[in-house]
Number of protein chains: 2
Amino acid sequence: MKIADKHSKILQASIKVFAQKGFYNARISEIAQEANVADGTIYLYFNNKYDILITIFEEEIGKIIAKVKQELANVEDPAEKLYKFALIHLNIVEENQDLAEIIQVELRQSSKFIKEYRNKKFAEYLNIISQIVRQGQAAGVFRQDVMPGIFKRAFFGALDEMSRFWLLSSKKKYTVNLAARQISDFFLQGIARQVPGRTSALNDDSSVSPKLFSDVVTV
Amino acid sequence: MKIADKHSKILQASIKVFAQKGFYNARISEIAQEANVADGTIYLYFNNKYDILITIFEEEIGKIIAKVKQELANVEDPAEKLYKFALIHLNIVEENQDLAEIIQVELRQSSKFIKEYRNKKFAEYLNIISQIVRQGQAAGVFRQDVMPGIFKRAFFGALDEMSRFWLLSSKKKYTVNLAARQISDFFLQGIARQVPGRTSALNDDSSVSPKLFSDVVTV
DNA sequence: ACGAAATTACTGAATATGCATTCAGTAATT
DNA sequence: AATTACTGAATGCATATTCAGTAATTTCGT
């Protein structure tokens with residue numbers, strides 16, 4: 001058996017066990033058992049338990065970002081790009097549930113080091129979204145008063161919460177397609193009923209959005 | 001010193017320490033020190049370390065839900081209600097950062113028991129949002145094809161991600177007001193530029209939303 | 001009003017346990 | 001024969017929890 005085999009066997013086992021039990025409640029002996037190796041063998045491939053978690057993150061997150069970027073490359077229309085992003089994201093989560101669980105839950109409450117590391121990679125991911133927004137604004141199809149820095153978080157957060165819900169409730173009420181469609185549509189169209197002859201129902205009521213976006217602090 | 005005093009002193013200390021170090025890296029001795037009691041005293045008020053976490057959740061989450069409901073009670077317009085929800089939510093997070101950190105991070109990866117318990121309370125919170133949507137649909141001001149079950153998660157997720165960002169980066173780029181305004185506006189109006197005479201830019205391009213929301217699986 | 005006895009509250013060093021990590025020994029490969 | 005890969009029982013440490021002892025508070029008889 002080649003080295004690469006055990007390395008990845010242990011990693012895969014770890015992803016499974018960490019996702020199931022959580023990092024702190026996962027036992028090295030469980031991972032060893034799951035990977036069909038001795039406890040000690042794990043330490044030939046990883047420095048310690050924490051190192052396994054970091055490696056999972058390092059080796060897997062890059063793949064995801066690359067995949068999303070690649071799949072979006074040949075989509076032109078900003079609105080469709082946003083929808084595609086949602087669709088791809090949700091599909092990845094669905095196909096990598098254990099990994100998604102770890103990234104969503106375990107990596108959040110880790111050491112300062114891994115947290116910062118996570119955030120760096122994460123920022124890269126979020127910036128895919130803000131780039132789409134800027135592109136849409138430049139093309140004149142998205143509103144100019146939208147702040148990409150807020151939008152990217154709102155949009156990602158919506159997807160993230162939706163997928164968290166999936167991870168919890170195994171039996172899904174909605175398809176990935178429907179969720180991606182609705183969520184991207186919320187953000188593109190809004191939920192306010194479009195009254196013919198007016199741009200939106202909201203504009204009816206000046207008390208609701210008195211001076212929209214006038215309270216910026218910093219850029 | 002009254003009993004109630006120590007109970008809440010220990011709880012407050014725990015919130016602080018858990019938020020700072022994470023549940024698993026928090027030491028009982030640290031909490032004791034922070035609360036100015038002996039290690040053993042903690043066990044006169046709580047069964048074990050985990051019990052403290054559960055109690056934090058039990059005693060604090062109810063207050064929050066009650067506060068939000070109460071503050072929304074006298075708002076009528078659904079659109080404004082949505083904005084108010086965002087504003088109140090973000091303000092609560094801002095004013096209870098340690099607690100927010102714990103609810104967001106620590107309670108996620110806990111035992112099955114606490115997870116389920118969290119989800120129950122959490123569902124109650126989310127349903128405030130879907131109620132607003134249904135109210136708006138009944139009043140004819142929100143689109144009928146919006147699914148409240150998806151919307152509530154998307155909307156909450158957007159707020160949650162925004163506040164997570166705040167918890168991480170101490171120096172804030174945006175005010176709570178601005179974020180609440182933008183996020184509720186994304187969802188109400190969308191970001192697609194409103195072209196006069198048309199209901200939205202999206203309707204321009206039939207390829208983007210071919211058969212919107214036609215792939216429902218279950219209700 | 002006072003002190004003694006009883007009750008209740010608190011302390012923190014000692015205990016016990018659980019588990020990550022090590023390493024002397026064995027097996028497989030070159 | 002030498003090198004490399006693996007094993008899993010033994011080690012050692014960290015820390016949640018306990019509990020014998022001390023302090024504070026309350027009760028109650030004179």
Side-chain angles (χ1 to χ4, degrees), chain A residues 1-59 102 105-107 109-115, chain B residues 1-59 102 105-107 109-115:
Chain A
M1 183 171 285
K2 285 173 299 179
I3 281 178
D5 273 344
K6 290 230 159 132
H7 175 90
S8 85
K9 244 176 115 183
I10 293 168
L11 266 194
Q12 291 311 310
S14 300
I15 290 174
K16 194 169 169 185
V17 176
F18 285 164
Q20 211 161 71
K21 307 254 178 159
F23 178 76
Y24 288 100
N25 292 315
R27 303 287 143 241
I28 287 291
S29 56
E30 284 179 278
I31 294 172
Q33 191 168 25
E34 181 75 34
N36 282 309
V37 297
D39 293 19
T41 306
I42 290 176
Y43 290 87
L44 299 173
Y45 294 90
F46 301 93
N47 296 327
N48 50 48
K49 194 180 169 187
Y50 216 80
D51 187 38
I52 304 176
L53 188 63
I54 292 172
T55 306
I56 289 173
F57 185 62
E58 280 179 332
E59 297 196 0
I102 292 171
V105 177
E106 303 306 324
L107 290 180
Q109 55 76 272
S110 299
S111 72
K112 204 161 196 68
F113 164 70
I114 201 168
K115 233 175 187 165
Chain B
M1 185 172 283
K2 285 174 296 176
I3 282 179
D5 273 344
K6 290 228 160 134
H7 174 90
S8 85
K9 244 177 118 183
I10 293 168
L11 266 194
Q12 290 311 310
S14 300
I15 289 173
K16 193 170 170 184
V17 176
F18 286 164
Q20 210 161 72
K21 306 253 178 158
F23 177 75
Y24 289 100
N25 292 313
R27 304 287 140 242
I28 288 289
S29 56
E30 284 179 277
I31 295 171
Q33 191 167 26
E34 181 75 35
N36 281 311
V37 297
D39 293 18
T41 305
I42 290 176
Y43 290 87
L44 299 174
Y45 293 90
F46 300 93
N47 296 326
N48 50 47
K49 193 180 169 187
Y50 216 80
D51 187 38
I52 303 176
L53 189 61
I54 293 172
T55 306
I56 289 173
F57 185 61
E58 279 179 332
E59 297 196 359
I102 292 171
V105 178
E106 304 305 325
L107 290 180
Q109 53 75 271
S110 300
S111 72
K112 205 163 194 66
F113 164 70
I114 201 168
K115 234 176 188 163

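Values in this document were obtained by computation on a predicted structure and should not be read as measured data. Naming convention: chains lettered A, B, ... in sequence-line order (proteins, then strands); numbering from 1 in each chain.
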To the nearest Å, how far apart are R27(A) CZ and dT17(C) P? 16 Å

Could you state the NZ-P distance from K6(A) to dA28(C), rounded to the nearest angstrom? 11 Å

Heavy atoms, side chains only, cut-off 4.5 Å: are T55(A) and Y45(A) in contact? no

Exam field: side chain K6(A) to backbone A35(A), donor-acceptor pair closer than 3.5 Å: no

With DNA chain C as reference, determine whether I28(A) or T41(A) sits nearer its 5' end, using the nearest nucleotide of each. I28(A)

Atom-pair distance (CZ on F46(A); C1' on dC6(D)), nearest Å: 15 Å

Nearest 0.5 Å please: distance from the CD atom of Q20(A) over to the CD1 atom of I102(A). 10.5 Å

For K49(B) and Y24(B), which heavy atoms make the closest approach, and how far apart are they? NZ-O, 3.8 Å

Whole angstrom value for the distance that separates P of dA9(C) from OH of Y45(B): 7 Å

Heavy-atom side-chain proximity of K16(A) to K21(A) below 4.5 angstrom: no

How close or far is atom P of dC6(D) from atom CD1 of I10(A), stated in whole angstroms? 8 Å

Side chain of A38(B) (C-beta onward), nearest among dT11(C), dC10(C), dT7(D): dT11(C)

Contact class for I42(A) vs. all strands (heavy atom < 4.0 Å): base, sugar-phosphate, or nothing? nothing

Can you label the angle between the F23(B) ring and the Y50(B) ring as parallel, tilted or perpendicular, going by 30° and 60°? perpendicular

If one requires at least 3 consecutive Watson-Crick or G-U pairs with distances under 3.5 Å, the stems of DNA chain C turn out to be C:1-30 with D:1-30

Take atom OH of Y43(A) and atom P of dA24(C), then tell me their distance rounded to the nearest Å. 18 Å

To the nearest angstrom, how far is I52(B) atom CD1 from dT15(D) atom P? 15 Å

What are the two closest heavy atoms between N48(B) and D51(B), and how far apart are they? OD1-N, 2.8 Å

Between dG8(D) atom P and N36(A) atom CG, what is the distance in whole Å? 11 Å

